Amino acid sequence: MTGQLPSRRLLLVHAHPDDESINNGATMARYAAEGAHVTLVTCTLGEEGEVIPPGLAHLAADRDDTLGRHRAGELAAAMRVLGVTDHRFLGGPGRYRDSGMMGVPTNDRPDCFWRADLDEAASHLVAVVREVRPQVLVTYDENGGYGHPDHIQAHRVAVRGAELAADPAFRPDLGAPHTIAKVYWNCIPRSAAEEGFARLREAGREASFPGIARVDDLPGVVPDEEVTASIGGDPYARLKADAMRAHVTQIAVDGPFFALSNDLGQPLFGAECYRLARGTAGAPLPETDLFAGLEA
Ligand SMILES: CC(=O)N[C@H]1[C@@H](O[C@@H]2[C@H](O)[C@H](O)[C@@H](O)[C@H](O)[C@H]2O)O[C@H](CO)[C@@H](O)[C@@H]1O
Ligand SMILES: [Zn+2]
């Protein structure tokens, strides 16, 4: 199968439509532009999300409950901006429902992602891994970046899926085993987070947003020395911002800043950082290429 695919193949696993653009929009745009094969697997349709534009409030789960289908369209628009053509929903659209934030009643729905059987969910990812055969996998850290149950579960499914995909004894019907060479967690170096909020304050953008987030509200903030790779920046940062704008129900972008439905302003990072969790880093650090150290 990979005979028809580009030699460099990157797989990203995310929880909801919008996470891919917020965390990795510039990275996805860069590798798509360079001719790598970029595969996005999104685990839910984001059915339980809040809705920013008042005119779309009817989509919400406690109204028409059609937000999931709408967000699939937002995701497709964001992928067109980034130049990514291979995006899939884990197990098919709607197989796993958005679980809601940690501790809310929708965490107990039998069809929600937080309640999914891990190996069953991971088997859907195994099929993708053995088809695409990526050298690099990107997902969240073990806390899902900020503790959302679907993000934690996406991390678990990505790790378990990579493990099972490499096991020749596991489901040979899903294809030949494949070992992913490098696995990264999304992260934000603390100095970049602090500098971003300083920019926000200096720009006087507090007026643009009813409130301002805090450094530790951001997902995956780590000491600078834990960063393995930094990817993106211009011109890909512009595409990232446009992809984030496509997620109209979830994100309000204002120049180099944005807010989610909580109206808390935060910096929009053009450079996206990663911690290497599996595999060997290429030299020198920080890597400027996620495929560093892999033979061509
Ligand atoms: C970025 C992200 O993971 N968004 C999730 C998250 O949405 C947040 C949630 O609605 C919270 O209550 C708001 O205050 C915050 O502004 C939102 O970003 O959780 C949603 C429900 O699981 C999910 O659909 C959304 O993609
Ligand atoms: Zn999310």
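Just so it is clear, the structure is predicted and the values come from calculations on it, not from any experiment. We count ligands from 1, going down the list as the structure has it; atoms in each ligand are counted the same way.
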(request) Evaluate salt bridge (charged side-chain N to carboxylate O under 4.0 Å, His left out) for E272 paired with K240, printing each intermediate quantity in order. (result) CA-CA 10 Å; E272 295 159 346; K240 169 176 182 165; 2.8 Å; yes
(message) Please evaluate residues R97 and D65 with respect to the criterion salt bridge (charged side-chain N to carboxylate O under 4.0 Å, His left out), reporting the C-alpha separation (whole Å), side-chain torsions for both, the decisive distance (0.1 Å), and the verdict.
(response) CA-CA 12 Å; R97 185 177 173 99; D65 195 16; 3.0 Å; yes
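Using a distance-only test at 3.5 Å, with no hydrogens or angles considered, a donor-acceptor pair links the side chain of D224 to the main chain of S191. No donor-acceptor distance shorter than 3.5 angstrom exists from the side chain of D217 to the backbone of A213, with no hydrogens or angles considered. In terms of modelled atom types and a separation under 3.5 Å, the side chain of R9 and the main chain of V132 share a donor-acceptor contact.
Rounded to the nearest 0.5 Å, atoms CH2 (W185) and OG1 (T139) are 7.0 Å apart.
Not close to ligand 1: E47, with no non-hydrogen atom less than 4.0 angstrom away.
Interface atoms of ligand 1 facing Y146, defined by a heavy-atom separation under 4.0 Å, are 2 (C), 3 (O), 4 (N), 5 (C), 6 (C). When each atom of ligand 1 is checked for a heavy atom of N262 under 4.0 Å away, the hits are 14 (O), 16 (O). Set against the non-hydrogen atoms of H151, the atoms of ligand 1 under 4.0 Å away are 3 (O). Near S261, meaning under 4.0 Å from any of its heavy atoms, are these atoms of ligand 1: 13 (C), 15 (C), 16 (O), 17 (C).
At least one N/O/S atom of H16, whether from backbone or side chain, sits less than 2.8 Å from the Zn ion (ligand 2). Counting backbone and side-chain atoms alike, H14 contributes no N/O/S atom closer than 2.8 Å to the Zn ion (ligand 2). The Zn ion (ligand 2) lies at 2.8 Å or more from every N, O or S atom belonging to D150.
Among Q250, R71, R97, the residue whose heavy atom lies closest to atom 26 (O) of ligand 1 is R71.
Taking hydrophobic clusters as Ile, Leu, Val, Met, Phe, Trp and Tyr residues chained together by side-chain heavy-atom distances below 4.5 Å, W114 does not share a cluster with V157. The cluster map of Ile, Leu, Val, Met, Phe, Trp and Tyr, joined by side-chain heavy atoms under 4.5 Å apart, puts M244 and V81 in different clusters.
The pair R190-E226 fails the salt-bridge criterion, with no side-chain N (NZ, NE, NH1 or NH2) lying under 4.0 Å from an Asp/Glu carboxylate O. With respect to D289 and R8, a salt bridge is recorded, a charged nitrogen being found less than 4.0 Å from a carboxylate O.
Counting only heavy atoms, the protein never gets under 4.0 Å from atom 7 (O) of ligand 1.
For the pair G49 and ligand 1, the shortest N or O to N or O distance falls below 3.5 Å. Looking at ligand 1, you won't find any N or O of E48 less than 3.5 Å from one of its N or O atoms.
Tested against Y96 for a side chain to side chain donor-acceptor pair (under 3.5 Å), the candidates R115, E120, Q153 yield a single pass: E120.
Contact annotation: for L264 versus ligand 1, there are no heavy atoms closer than 4.0 Å. If you look at D98 next to ligand 1, the close heavy atoms, those under 4.0 Å, all belong to the side chain.
With respect to atom 1 (C) of ligand 1, the closest heavy atom belonging to the protein is D19 OD1, 3.5 Å. The shortest contact between atom 12 (O) of ligand 1 and any protein heavy atom is with E50 OE2, 3.3 Å. If you check which protein heavy atom lies closest to atom 19 (O) of ligand 1, you get H148 NE2, 3.2 Å.
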